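Working notes, structure below.
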Amino acid sequence: MPSACDSLIEDIEDMVSSTDPTPNERQSARKSIVPRSRKKNESLINEELQADSLIPGTQKIWMKTWGCSHNNSDGEYMAGQLAASGYKMTDDPTDADLWVLNSCTVKNPAEDHFRNSIKKALEQQKKVVVAGCVPQAQPRMDYLKGLSIIGVQQIDRVVEVVDEAVKGHSVRLLGQKKDGGRRLGGARLDLPKIRKNPLIEIISINTGCLNACTYCKTKHARGDLASYPIEELVERARQSFQEGVCEIWLTSEDTGAYGRDIGTDLPTLLWRLVEEIPEGAMLRLGMTNPPYILEHLEEMAKILNHPRVYAFLHVPVQSASDSVLMDMKREYCIDDFKKVVDFLKERVPGVTIATDLICGFPGETEEDFQETINMVKLYRFPSLFINQFYPRPGTPAAKMEQVPAHVKKQRTKELSQLFHSYNPYDHKVGERQHVLVTEESFDAQYYVSHNKFYEQVLVPKRAEFKGKMIEVDIYEAGKHFLKGRPVEESKPFTPSIAAPLRKGEVSGLMQHQTPNGIQGPSMPSSSVLFIGSYSLDREVLKKLGIGLTLAAAILAFIVEKLY
């Protein structure tokens with residue numbers, strides 16, 4: 001949102017001196033603040049009520065995330081930190097005071113939706129904070145002028161940025177995190193978060209990648225490869241299971257490249273992680289490009305055969321033409337991709353290979369496209385992501401001679417028709433499978449589960465199935481799903497080692513000191529009054545005879561003096 005100040009403050013550090021409290025000091029100050037009882041004054045109460053809306057931490061926030069699971073994980077972390085600092089997260093954009101828009105830069109339509117949401121927010125007089133790959137890669141875009149920005153490596157400071165946006169300041173945090181000159185993977189993994197699904201933990205194992213694909217805008221935002229240490233990732237997984245999670249997704253721009261910058265590799269990480277997975281819980285691997293997975297095929301086959309790892313791998317090929325792959329700078333040929341697929345299909349019976357294809361990349365001839373068609377006919381991929389090429393500003397591919405729009409559309413349509421001409425799951429009817437139930441279907445008629453091969457299996461919507469491993473008989477197959485009938489004599493198995501968090505509950509909150517000195521979990525927001533980054537126990541306020549409005553005024557006064 002345009003700033004209330006005369007000039008744009010480029011970075012939040014411009015507003016903070018060396019003598020000001022750090023975020024950690026603000027957080028720890030919560031425990032030491034004890035308000036003094038003061039006689040209520042009617043005029044003071046009226047004044048406080050008018051001032052409340054300007055006190056950071058009392059507002060409602062709506063967050064919208066576009067794009068990949070990495071972006072979704074970032075969104076969960078931002079929501080968790082905001083909620084832990086007192087902001088109320090809402091699912092109703094019209095009810096919110098401020099919108100946090102977490103963008104994706106992969107394709108033009110995603111950025112169009114992002115830009116339209118900014119316009120809509122401003123029309124509704126909402127304050128706006130933007131995040132994600134679009135503002136990180138192109139912070140000087142006209143439609144971002146005057147807006148506060150959180151960079152992809154700065155999500156641990158979202159509370160500071162939102163606090164300032166609430167006050168009408170425009171701040172931008174776009175720096176890279178480094179340690180001794182080495183680029184770090186991003187924000188800490190132990191931050192508070194609100195999982196979109198309390199049963200599923202999304203863990204980013206690295207940021208950035210080693211490639212320089214000519215069509216990719218994400219590289220401009222996420223940069224070069226930066227991996228998290230194995231111990232931090234293992235600890236994050238361990239904490240997730242202690243909070244009732246039963247499924248973990250590993251994500252990044254290229255999981256296959258994990259560890260090359262810190263002297264390790266993906267199989268080493270995976271073998272450590274499977275040691276932490278409880279019986280009945282599952283691990284899903286994220287997208288990996290062909291060049292790096294080629295180095296680990298033997299170990300990857302063993303891992304995908306592990307009973308607690310889905311036999312599923314997403315390996316984007318983009319085109320079956322070596323000529324097109326060369327223009328894309330994909331750093332592999334089609335034979336490399338086929339080697340990966342053929343090897344895994346042989347060593348991991350039933351494995352699901354998902355892939356991506358781009359139609360109409362600059363220079364793609366009809367012969368190039370037919371090679372892609374032939375490859376799809378050969379492998380009949382059960383999961384295929386078909387994308388019409390969009391030239392992204394600032395990428396080399398945007399400067400190449402473009403395929404006519406009508407040709408791109410026709411090729412996309414032809415490839416889509418081929419994909420929908422076969423049913424990959426018909427032969428599964430009649431099978432008995434174990435499935436893990438984690439979600440609700442879009443139409444709310446079924447629960448969604450996945451079998452060992454990460455194939456979607458719809459099961460009856462019974463409360464006792466949620467978060468459980470159950471046995472089903474497959475009785476129907478569709479293009480994208482199977483339907484399973486629970487085996488009557490089989491009892492649901494609970495993989496979780498703890499009860500899952502409630503939907504919207506904050507994960508990873510630190511322990512706090514209770515009045516009797518016993519360590520306990522952080523209190524739910526219903527029993528705590530939050531003002532900005534500070535909190536007070538409502539029961540303590542009640543005993544002291546202090547109303548919430550007066551307490552808010554006291555804390556607002558303290559915050560003003562601190563800053």
Side-chain angles (χ1 to χ4, degrees), residues 1-2 62-76 78-79 93 98-124 126-155 158 161 165 170 172-174 186 196 204 207-209 211-223 251-254 287 316 318 328 356-362 385-400 402-403 405 408-409 412:
M1 180 173 241
W62 178 67
M63 176 173 287
K64 171 70 176 177
T65 294
W66 291 266
C68 63
S69 53
H70 192 165
N71 241 28
N72 277 277
S73 177
D74 285 353
E76 291 181 348
M78 287 191 282
L98 181 144
W99 290 9
V100 177
L101 303 175
N102 189 20
S103 62
C104 172
T105 191
V106 171
K107 293 188 285 188
N108 291 24
E111 184 173 347
D112 291 342
H113 287 307
F114 171 62
R115 182 169 54 245
N116 291 336
S117 293
I118 292 174
K119 181 180 178 183
K120 188 174 181 179
L122 297 178
E123 288 173 350
Q124 295 182 24
K126 307 291 186 184
K127 295 183 185 296
V128 181
V129 171
V130 294
C133 292
V134 171
Q136 180 73 56
Q138 297 174 282
R140 300 190 183 280
M141 294 289 286
D142 285 343
Y143 68 88
L144 297 178
K145 284 182 179 177
L147 300 180
S148 290
I149 295 176
I150 306 165
V152 295
Q153 284 200 301
Q154 301 289 341
I155 61 171
V158 63
V161 176
S170 293
R172 299 188 167 201
L173 292 180
L174 295 165
K196 188 175 180 181
S204 170
T207 64
C209 69
N211 291 352
C213 301
T214 55
Y215 57 82
C216 182
K217 189 72 176 174
T218 306
K219 176 81 174 203
H220 295 191
R222 298 282 184 181
T251 183
S252 76
E253 283 64 60
D254 186 353
M287 185 273 288
Q318 307 300 7
M328 290 179 173
D356 299 359
L357 290 166
I358 295 175
C359 295
F361 185 81
F385 304 96
I386 301 169
N387 303 287
Q388 180 178 315
F389 174 74
Y390 290 98
R392 301 297 289 131
T395 63
K399 300 174 184 176
M400 299 177 182
Q402 303 297 305
V403 171
K408 289 192 288 187
K409 288 180 181 178
T412 304

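Keep in mind that this is a model prediction, so the values were computed, not measured.
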TODO: To the nearest 0.5 Å, tell me how far Leu147 CG sits from Lys127 NZ.
DONE: 12.0 Å

- [ ] Using a 4.5 Å cut-off on heavy atoms from C-beta on, say whether the side chain of Ile118 contacts that of Leu144.
- [x] yes

TODO: Name all residues meeting the ring-ring contact (aromatic ring centres under 6.0 Å, His included) criterion together with Phe114; count only those two or more places apart in sequence or in a different chain, and write none if there are none.
DONE: Trp66

Open item on the list: So, using side chain to side chain donor-acceptor pair (under 3.5 Å) as the criterion, who are the partners of Thr412 when residues are at least two apart?
Closed with: none

Open item on the list: I need the minimum non-hydrogen distance between Lys408 and Gly360, along with the two atoms involved.
Closed with: CD-O, 3.5 Å

Task: By ring-ring contact (aromatic ring centres under 6.0 Å, His included) - contacts of Phe389 (at least two apart) - done: Phe361

Task: Approximate separation, where rounding is to 0.5 Å, of Gln154 CD and Arg172 CZ - done: 14.0 Å

TODO: Check Val161 against Ser148 and note the closest heavy-atom contact, atom names and distance.
DONE: CG1-CB, 3.8 Å

Open item on the list: I want to check something: taking the side chain as every heavy atom from C-beta on, are Met328 and Ile358 in contact at a cut-off of under 4.5 Å?
Closed with: yes

TODO: Ignoring hydrogens and angles, tell me if any N or O in the side chain of Thr65 forms a donor-acceptor pair with the backbone of Asn72 under 3.5 Å.
DONE: no

Open item on the list: Restricting to side-chain contact (heavy atoms from CB on, under 4.5 Å), what partner residues turn up for Ala137, sequence neighbours left out?
Closed with: Lys217, His220, Ala221

Task: Minimum-distance pair of heavy atoms, taken over all atoms of Ile386 and Cys359 - done: CG2-SG, 4.0 Å

Open item on the list: When you compare the side chain of Val130 with that of Ser103, does any pair of heavy atoms fall below 4.5 Å?
Closed with: no

Task: Ala398: partners by side-chain contact (heavy atoms from CB on, under 4.5 Å), with sequence neighbours left out - done: Pro391, Thr395

Open item on the list: Regarding His70 and Thr251, do their side chains bring together a donor and an acceptor under 3.5 Å, going by distance alone?
Closed with: no

Task: Exercise: identify the closest heavy-atom pair between Gln138 and Pro393 - done: NE2-CB, 3.9 Å

Open item on the list: With rounding to the nearest 0.5 angstrom, report the CD to NZ distance, Glu76 to Lys196.
Closed with: 8.5 Å

Open item on the list: Can you give me the closest heavy-atom contact between Glu253 and Met287, atom names plus distance?
Closed with: O-CE, 2.7 Å

- [ ] Could you pull out all residues at least two apart from Pro396 that satisfy side-chain contact (heavy atoms from CB on, under 4.5 Å)?
- [x] Thr214

TODO: Tell me, with the steps shown, if Thr105 and Arg392 meet side-chain contact (heavy atoms from CB on, under 4.5 Å).
DONE: CA-CA 8 Å; Thr105 191; Arg392 301 297 289 131; 3.1 Å; yes

Task: Which residues share a ring-ring contact (aromatic ring centres under 6.0 Å, His included) with Phe385, sequence neighbours left out - done: His314

- [ ] Examine distances only and state if a side-chain atom of Lys219 and a backbone atom of Asn211 form a donor-acceptor pair shorter than 3.5 Å.
- [x] yes

Open item on the list: Please enumerate all residues that pass side-chain contact (heavy atoms from CB on, under 4.5 Å) together with Lys120, with sequence neighbours excluded.
Closed with: Trp99, Gln124

- [ ] Just jot down the salt bridge (Lys or Arg N to Asp or Glu O under 4.0 Å) partners of Asp74, sequence neighbours excluded, or say none.
- [x] Arg222

TODO: Can you measure from CG (Asn71) to OG (Ser204) and round to the nearest 0.5 angstrom?
DONE: 10.5 Å

Open item on the list: Applying side chain to side chain donor-acceptor pair (under 3.5 Å), can you list everything that pairs with Thr218, at least two apart in sequence or on another chain?
Closed with: none

TODO: Kindly compute the distance separating CD1 (Ile150) from CE (Met78), expressed to the nearest 0.5 Å.
DONE: 5.5 Å

Open item on the list: Measuring only between side-chain heavy atoms, which start at C-beta, is Lys126 closer than 4.5 Å to Trp62?
Closed with: no

Task: Spacing of Asn102 atom CG and Lys64 atom NZ [to the nearest 0.5 Å] - done: 11.0 Å

Open item on the list: Checking Gln136 now: which residues fulfil side chain to side chain donor-acceptor pair (under 3.5 Å) with it, not counting sequence neighbours?
Closed with: none

Task: Partners meeting side chain to side chain donor-acceptor pair (under 3.5 Å) with Lys107 (sequence neighbours left out) - done: Asn387

Task: Taking every non-hydrogen atom, the tightest pair across Ile149 and Pro135 - done: CG2-CB, 3.7 Å

